[in-house]
Amino acid sequence: MSAAGVLFSPIRIGGTTIPNRIAMAPMTREFSPGGVPGADVAAYYARRAQGGCGLIITEGMAVNAAGAHDGPIPLLYQSETIEACRAIVSAVHGAGAKIMPQLWHVGVQDSPTEVNPLTVKQKPRRVGPSGLLGTGEPGGDALDENGIADTIADFARATHAARMAGFDGIEIHGAHGYLPDQFLWDRTNLRSDRYGGDAKERTRFVIELIRACRAAAGPDFPIVLRFSQWKSFDYEARLADTPQELEAILAPIAAAGVDAFHCSTRRFWERGFTGDRLTLAGWARKLTGLPTIAVGSVTLENDFKHDKTEDSGGIAESASRSRDVEDVAALVERGEFDMIAVGRAMVANPDWANLVAAGHTHRLRPFTRDLLATLD
Ligand SMILES: Cc1cc2nc3c(=O)[nH]c(=O)nc-3n(C[C@H](O)[C@H](O)[C@H](O)COP(=O)(O)O)c2cc1C
């Protein structure tokens, strides 16, 4: 077996076996007019599946109108979108990979402008735990308890929709400052009711969310939770300053019915906390005993927020770097994490996994922003 061989062994997440350790990271592409992904989107994901990737995690798909990002993203609460997803699933399965949609609710973190005018006639108000952005500025309305229950029900409905469309599980977007993360973070959750309080008490929303999705999913349908320390507008932000604080957050969430954690960092090798070599994914695995997915700058020189000043929509270009493959494989081998998610490098290289399997990492193409202009 080559150094990278360990990346090509199967892994079980919940009731599903993923053929290898390589996931496509969720990436919003905005090619779904009216919220409905077409044949081009299906072909885009199928190309990555044909390229050897074991698990496709799709771009974020909205669970309801209030939580939908502004651009033409898939709106999973529409019946025509669920129908269109069947074609995506079938194309990806035909190429031998598994696929999970990422369920997304932006909370207050997005411009409160028009949402997909083709399908949503009235612009919804943004909602979050306290209506506040992490900067302390108002970003929308604070959810009342009915609003929280309705939002959780929308996530559960989306989970059911994902099953009906034939997906192999779901990933809940609980990272980067979006709605679940807004409840977890002390700067966006200032509630004095049972959804607020200390770090453990702030997990209530996510726990109820996971329980509801688990009820809709049934026991075997995998639920992955993506979380992060950093926020889209604040890369230094932290949910937890110590492993103990992280455990207080992740342990009850894991017990609620999560099958794996996707630990979003910008550089997969970085330590989660000072004073110990474990990465965030390593800590999550150690603290919960669940499989974890690591991510960030795999086979790339620059992390994806490397140059914030460019007119890039916040996405950095990068030269490729082949030596990461051995490092990732060594980390999987020693049980630091179970899977690696590849973002921009898999946009640039639909055949990323096959190139790695063949030992042709020197052929990996760099990531350039023009690649985001099309769905190749
Ligand atoms: C174009 C683009 C869109 C993204 N959209 C999402 C998204 O919808 N959901 C999410 O959780 N992360 C999103 N991300 C973050 C990626 O999943 C990933 O964490 C990040 O790109 C770092 O991985 P990389 O260095 O391999 O690109 C996006 C990244 C890019 C480049």
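Read the numbers this way: they start at 1 and go in the same order the structure lists the ligands and their atoms. Here the structure is a predicted model, which means the values were calculated and not measured.
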N or O pair under 3.5 Å between His173 and ligand 1:
yes
Does Asp351 pair with Arg365 as a salt bridge, N-O distance under 4.0 Å?
yes
What protein heavy atom lies closest to atom 23 (O) of ligand 1? Include the residue and the distance to one decimal.
Val295 CG2, 3.8 Å
With a 4.0 Å heavy-atom cut-off (strictly under), which part of Thr28 contacts ligand 1: side chain, backbone, both or neither?
both
Once you restrict to heavy atoms under 4.0 Å, what part of Met346 touches ligand 1? Side chain, backbone, both or neither.
neither
Does atom CZ of Arg334 have more than 12 heavy-atom neighbours from other groups under 6.0 Å away?
yes
The criterion is side chain to side chain donor-acceptor pair (under 3.5 Å); which residues satisfy it with Glu83, sequence neighbours excluded?
Arg86
For atom 14 (N) of ligand 1, the closest protein heavy atom turns out to be Pro26 O, 3.3 Å
Any Ser297 heavy atom less than 4.0 Å to ligand 1:
yes
Whether Asp303 lies under 4.0 Å from ligand 1, heavy atom
no
Donor-acceptor pair between Tyr44 and Arg29 side chains, under 3.5 angstrom
yes
Which heavy atom of the protein is the closest neighbour of atom 11 (O) of ligand 1, given with residue, atom name and distance?
Arg226 NH1, 2.7 Å
Under a 4.0 Å threshold between the charged nitrogen and the carboxylate oxygen, would Asp70 count as salt-bridged to Arg126?
yes
Nearest heavy atom to atom 15 (C) of ligand 1, choosing from Phe367, Phe304, Phe227, Trp352, belongs to Phe304
Positive for side chain to side chain contact (heavy atoms under 4.5 Å, CB included) with Ser228, one of His262, His173, His176:
His176
Considering only heavy atoms of Gly60, which atoms of ligand 1 have at least one such atom less than 4.0 Å away?
8 (O)
Close-contact set for ligand 1 against Met27 heavy atoms, below 4.0 Å
2 (C), 3 (C), 4 (C), 5 (N), 6 (C), 28 (C), 29 (C), 30 (C)
Could you check whether any heavy atom of Ala175 sits closer than 4.0 Å to an atom of ligand 1, since that is the contact criterion I want to use?
no
Quick one: look at Gln102 and ligand 1, take heavy-atom pairs under 4.0 Å, and tell me if it's side chain, backbone, both or neither.
side chain
Using a plain distance cutoff, I'd like to know if Arg29 has any nitrogen or oxygen under 3.5 Å from a nitrogen or oxygen of ligand 1.
no
In chain order, what residues pass the salt bridge (Lys or Arg N to Asp or Glu O under 4.0 Å) check against Asp241, with sequence neighbours excluded?
Arg238
